[in-house]
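Read the structure below first, then the notes.
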Amino acid sequence: MASKTSRDVLSRGLGVLRQAIREQPRIFSVAVVGSVLFGGMIIVSARVVGSVIGEVALPAIERGEVGTGTLALAATALFGISVLRVAGIFGRRLGAGYMQYRLQASYRRRVTRRYLELPLSWHHRNSTGTLLSNANSDVEAAWYPIAPLPFAVGTLVMLVGAIVSLFATDWALALVGLAVFPALFALNVVYSRRMAPRQARAQRLRAEVSGIAHESFDGALVVKTMGREAQETARFAGRAGELRDSLIAVGRLRGIFDPLLETLPSLGTLAVLVVGAFRLRQGAISVTELVSVAFLFTVLAFPVRAIGWVLAELPRSVAGWDRVRRVLDATGEMPYGQRVLDRAGAGPATLTFDDVHYSYPPAEAHPPGAQVLGEVGFTVPAGRTVALVGPTGAGKSTIASLAVRLVDPDSGTVCLDGVDVRELTSASLAGTVALVAQVPFIFDDTVRANIALDRPGVDDEVVWAALRLAEADGFVAALPDGLDTMVGERGTSLSGGQRQRLTLARALAGRPRMLVLDDATSAVDPRVEAAILAGLRSSTAAAGVPAASILVVAYRRATIALADEVIYVEQGRVVARGTHSELLATVPGYVDLVTAYEQAEVERAQESSYGDDVAPLPSGLEIEVDR
């Protein structure tokens, strides 16, 4: 079974190398030509060195003098060979390095582009650490054998030339070569087979270590507040220890085989000298030929190692390639259509859900195939505000995701201005509807860059208009460098409410005609939230930022009361709709839910009023209150 697995790894590894050659044939050809030139010069240099020893040095020793012309000719030949060998090394290394790094850059772009094409459901099934490993270390591992590959190909050509040269010299010496060269190749194959499982395990552990580290750093707040530093450190140390042991196993195997690979050519040289001396006494060969063959075996030791380098890295390459192909071959992307909504002079958009059903994919559903939404139908009229209200797990965030086409319905349609969102181009959809999520994401950049996102037409005037509408202009103006203030990774220098208002301003700066707010102001003071929503409803809210239709996932009574219509959902279905006052009068479940939310708000307000009685936080931890 192990032999079968090793043969499979060798076969698949050679397939990866063929893929590399197909993608970069010209660069590979340049590298191979350089390698063949280097190998050819090794064979030629062996002949020249033999001739210099046998026909120049020995006669000079016998005569007691050195002919100047002969010596100059020998020096010129050796110098010329050295120049050509250097040229071969330069071409081989330049071509191999350029090929390797070009493939790595190309596949990093492909993997990243594929990440953006795949739906969120696929990302939910894969940890961030694994995805980082796919785009970084797995891509590097897949193309790691490319560096020695041209050298190995040139070495194979050189070995064929060397065997031909040996047969042309003497059949007995050729038999020594036929014994040593296959033994070297066989030893490299055994090395590759033993190395395969070790390299594969090490590559998998690299991804796991990366994933644990990312979770610990990303969840630093939870780790600290829950006192889990020691446990997280131990969890990381355990997996890092496994990776260490795995890499030590790789190094131990390499330490065993490297001396053997070094020893075989030396044993071949010794065998050549023994057999050559016997053949020399018989008169079958000359001193020149014996020196040439002995020198050839001596200098072949290093180039032959290139074959071993390629074979040794194939298991790691296969492991990395499999992980990269898992991303590139993943299915589930949502292709866009060709239709474009005209934005010139167009006002707020109309959003329509028509008999929408949605179930999570089998890998995510609990139980498999569980329906999240069923028979959902409602309309957000142009210029109107609709509040989406319901208990936890009712499907509100799923509706928000469907509205901006993060996912597609199993059946039914989601339309913007009467056009199925699946028929729209990516640019048209992004320019028409914007989502502001509950958990804001801020880039480690300036305030201006976070809002503008290098979008054409989003200048400072538009940025400030969006900030004013998001009630964020005051705190941004008070920042040390205003729009040029660096906000830190994920906006760590800002409070939760400030981050939410920046992400709202980011959405508004794109001038969307439909705005979807998924509890996007939960960390904002209720009075500020009311001012934001009141401004969003006004058609003259801010110069440069036109009004938009609004679908808002709401919890607070004050927010809900601002909506023109309320959609009440339970267990993935719309059970009631109407104004806030109408639902309060007719839907008991709605009354209970809103009352519970309101009571929770009151309790939080009371707790905040007792701030002077609360024990101080430990040093290093701060809670920012949004103003």
Side-chain angles (χ1 to χ4, degrees), residues 1-2 4-24 99-146 149 192-193 195-215 218 239-240 242-243 246-247 250 310 312-336 360-366 368 406-408:
M1 182 63 71
K4 181 179 179 181
T5 302
S6 300
R7 287 195 298 270
D8 179 61
V9 169
L10 179 60
S11 175
R12 292 163 60 201
L14 294 177
V16 175
L17 299 183
R18 285 194 296 269
Q19 177 69 24
I21 295 171
R22 281 196 297 267
E23 294 199 21
Q24 303 291 334
M99 181 179 178
Q100 181 183 29
Y101 297 136
R102 188 167 183 172
L103 283 168
Q104 289 177 355
S106 173
Y107 272 80
R108 283 196 179 98
R109 290 192 295 267
R110 295 186 197 186
V111 168
T112 303
R113 184 165 57 246
R114 191 61 180 156
Y115 285 161
L116 300 177
E117 293 171 349
L118 290 166
L120 285 180
S121 58
W122 185 88
H123 287 270
H124 292 161
R125 298 193 298 269
N126 296 273
S127 70
T128 303
T130 298
L131 301 185
L132 290 173
S133 178
N134 292 152
N136 187 27
S137 64
D138 290 334
V139 169
E140 287 187 359
W143 303 121
Y144 202 81
I146 298 303
L149 178 61
S192 174
R193 290 181 176 180
M195 186 65 76
R198 291 170 173 82
Q199 288 281 28
R201 183 170 185 269
Q203 195 64 21
R204 175 178 57 81
L205 287 171
R206 284 187 179 96
E208 293 180 8
V209 168
S210 176
I212 293 174
H214 184 273
E215 281 185 351
D218 209 31
R239 199 53 53 87
E242 290 183 40
L243 177 59
S246 179
L247 293 176
V250 170
V310 173
E313 293 300 335
L314 281 186
R316 181 182 174 190
S317 174
V318 169
W321 178 250
D322 287 345
R323 294 169 64 85
V324 169
R325 290 308 316 178
R326 186 183 65 85
V327 176
L328 299 180
D329 295 338
T331 59
E333 71 275 14
M334 299 183 297
Y336 290 92
Y360 284 132
E364 298 178 48
H366 303 285
L406 293 179
V407 294
D408 281 336

task: Over all heavy atoms of both residues, which pair between A142 and V16 is shortest? Give the atoms and the distance, please.
output: O-CG1, 3.8 Å

query: Who pairs with T112 by side chain to side chain contact (heavy atoms under 4.5 Å, CB included), at least two apart in sequence or on another chain?
result: none

message: Please find the pair of heavy atoms, one from N134 and one from V327, that lie closest to each other, and give the distance.
response: OD1-CG2, 3.4 Å

- request: Work out which heavy atom in P145 is nearest to a heavy atom in V310; give both atom names and the distance.
  value: O-CG2, 4.2 Å

- request: Tell me, please, which residues at least two apart from Q104 pass side chain to side chain donor-acceptor pair (under 3.5 Å).
  value: none

- request: State the CZ-CG distance between R114 and D329, to the nearest 0.5 angstrom.
  value: 8.0 Å

message: Set out, in order, the CA-CA distance, both residues' side-chain angles and the distance that settles side chain to side chain contact (heavy atoms under 4.5 Å, CB included) for V324 and R110, then state yes or no.
response: CA-CA 10 Å; V324 169; R110 295 186 197 186; over 6 Å; no

task: Hey, could you give me the CG/CZ distance between D138 and R108, rounded to the nearest 0.5 Å?
output: 10.5 Å

- request: Taking side chain to side chain contact (heavy atoms under 4.5 Å, CB included) as the test, write out the residues that go with L14, two or more places apart.
  value: L10, L17, R18, L314

query: Can you name the residues that form a salt bridge (Lys or Arg N to Asp or Glu O under 4.0 Å) with R239, not counting sequence neighbours?
result: E208, E242

query: Which atom pair, heavy atoms only, marks the closest approach of A141 to G320?
result: CB-CA, 4.3 Å

task: Check side chain to side chain donor-acceptor pair (under 3.5 Å) between R109 and all other residues, then give those that pass, not counting sequence neighbours.
output: none

field: Set of side chain to side chain contact (heavy atoms under 4.5 Å, CB included) partners for Q24, sequence neighbours left out
entry: I27, M99, R102, L103

message: Tell me every residue that passes salt bridge (Lys or Arg N to Asp or Glu O under 4.0 Å) with R113, counting only those two or more places apart in sequence or in another chain.
response: none

statement: For Q19, the side chain to side chain contact (heavy atoms under 4.5 Å, CB included) test, sequence neighbours excluded, returns R22, E23, Y107, W143, W321

